[in-house]
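Quick note: residue numbers are just sequence positions, from 1. On a predicted model such as this, the values are computed, not experimentally measured, just so you know.
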Amino acid sequence: MGNVAPSRSAQSLSAALLEDVDALAAGMAARVRDQESAYDDPGMVAPGEVERVCRENLELVLGELAGLHAPDPSAARDVGRRRAEQGLPIEVVLHAFRVGTRYLWEVLVDRADAETRSDLLVSAADIWAVSDRLALDVTTSYRAAADAKARVDRQVREAVLDSLLLGGADQGPMWDSAQLLRLPQEGRFVVVAAECPSPGQEAVPSAEAWLRERGLASAWRLSAGLQEGVVALRSRFDERALAGAIAAVARAAGLLVE
């Protein structure tokens, strides 16, 4: 988007606000936590991280509005990467950005005198453009990190499932395997093998998602000739019911549930 060009009074106000950046960061963090519950969960976002990120964003935005530095997308990209690794949905991340931007705009208007407030209205598009660019940088890095994480998770799950299907694991690693495969650690499990209609083509399309809709946790792998899975049964969904349900949607000529 390039550099923004706010008025001189907006630049002066932004520079003055930088001197109070710690208090502003605390206020912005409180607003974000209040309006986006995921940021108030220490299990999702570490204590103190919200304040630190708010401070970084304030320094970026106010510094650019004050004309003190050129745009630097690296901090925003780091935020996007961390949020993807933490598993926060991108919608939550962008909502937090909008909440923070709204907070900053309110502070700018509140701290401005009458003349500067008029200039702010003229410069509003420039001011919001800085936040929009940061949000775009966050989104780009988030998606790249999320794609990389998904690839690694898929590779790990396939390796764990291979080990589980081949057998030989003792109880401790089996519990770890269940957690990695997002399967319950207790219950009845069956192995399903379905013949692929052609090499690499799923015999049971989107099997994991399809079974999840029916309340069954499962994990699957696909080879050239077979699609194999481990399914956690429920009391009212036994082997016979599972075999019938899968057979109704499978493209396979051969199906084995045991």
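- Comment: D78 engages R81 in a salt bridge, judged by a side-chain N to carboxylate O separation of less than 4.0 angstrom.
- Q227 contributes a side-chain N or O that, together with a main-chain N or O of A203, makes up a donor-acceptor pair within less than 3.5 Å.
- No donor-acceptor distance shorter than 3.5 angstrom exists from the side chain of R55 to the backbone of D22, with no hydrogens or angles considered.
- Looking at every heavy atom in both residues, Y39 comes nearest to V93 through OH-CA, 3.6 Å.
- Put simply, the side chain of V53 reaches to within 4.5 Å of the side chain of R83, judged on heavy atoms.
- Side-chain contact between Q35 and R102 is absent, with no heavy-atom pair separated by less than 4.5 Å.
- Here CG of D238 is found 7.0 Å from CG of L233. Values are rounded to the nearest 0.5 Å.
- Note on L222 and V231: separate hydrophobic clusters, where clusters join Ile, Leu, Val, Met, Phe, Trp and Tyr whose side-chain heavy atoms are under 4.5 Å apart, directly or indirectly.
- Between the CG atom in L136 and the OG atom in S131 there is a gap of 11.0 Å [rounded to 0.5 Å].
- The distance from the CG atom of L108 to the OH atom of Y103 is 10.5 Å, given to the nearest 0.5 Å.
- Note that CD of E228 is 4.0 Å distant from CZ of R221, once rounded to the nearest 0.5 Å.
- No option in L58, L104, L65 other than L65 meets the side-chain contact (heavy atoms from CB on, under 4.5 Å) test with S14.
- Of the possible polar contacts, one joining the E202 side chain to the S206 backbone as a donor-acceptor pair under 3.5 Å is found.
- The pair E208-R212 meets the salt-bridge criterion, since a charged nitrogen lies less than 4.0 angstrom from a carboxylate oxygen.
- One N or O on the side chain of Y142 and one on the backbone of L88 form a donor-acceptor pair closer than 3.5 Å.
- Across every non-hydrogen atom of G100 and V32, the tightest pair is N-CG2, 4.4 Å.
- A 4.5 Å side-chain heavy-atom check between R111 and L24 finds at least one atom pair inside the cut-off.
- The shortest heavy-atom contact between A135 and L94 is O-CD2, 4.0 Å.
- Counting only heavy atoms from C-beta outward, the side chains of R188 and F237 never approach each other to under 4.5 Å.
- Side chains of V204 and V192 form no contact here, defined as non-hydrogen atoms less than 4.5 Å apart.
- Note that CZ of R117 and CG of L13 are 10.0 Å apart. Values are rounded to the nearest 0.5 Å.
- The backbone N or O of D137 sits nowhere less than 3.5 Å from a side-chain atom of R77 that would complete a donor-acceptor pair.
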Going through the checks in order, is the side chain to side chain contact (heavy atoms under 4.5 Å, CB included) test met by D34 and V99? CA-CA 10 Å; D34 182 60; V99 170; over 6 Å; no
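- A84 and A145 make their closest contact through CB-CB, 3.7 Å (heavy atoms, listed as atom of the first residue, atom of the second, distance).
- E36 and R98 are not joined by a salt bridge, as no carboxylate oxygen comes within less than 4.0 angstrom of a charged side-chain nitrogen.
- Nearest heavy-atom pair across E51 and A25 is O-CB, 3.9 Å.
- Scanning both residues, A66 and A15, for their nearest heavy atoms gives CB-N, 3.7 Å.
- There is no side-chain donor-acceptor pair under 3.5 Å between Q11 and R8.
- Here CG of L226 is found 11.0 Å from CH2 of W220. Values are rounded to the nearest 0.5 Å.
- Between the side chains of T116 and D119, no donor N or O sits under 3.5 Å from an acceptor N or O.
- Annotation for R214: atom CZ counts as buried by contact number, over 12 foreign heavy atoms lying within 6.0 Å.
- Residue R33 places its CZ atom among more than 12 non-hydrogen atoms of other residues, nucleotides or ligands, all under 6.0 Å distant.
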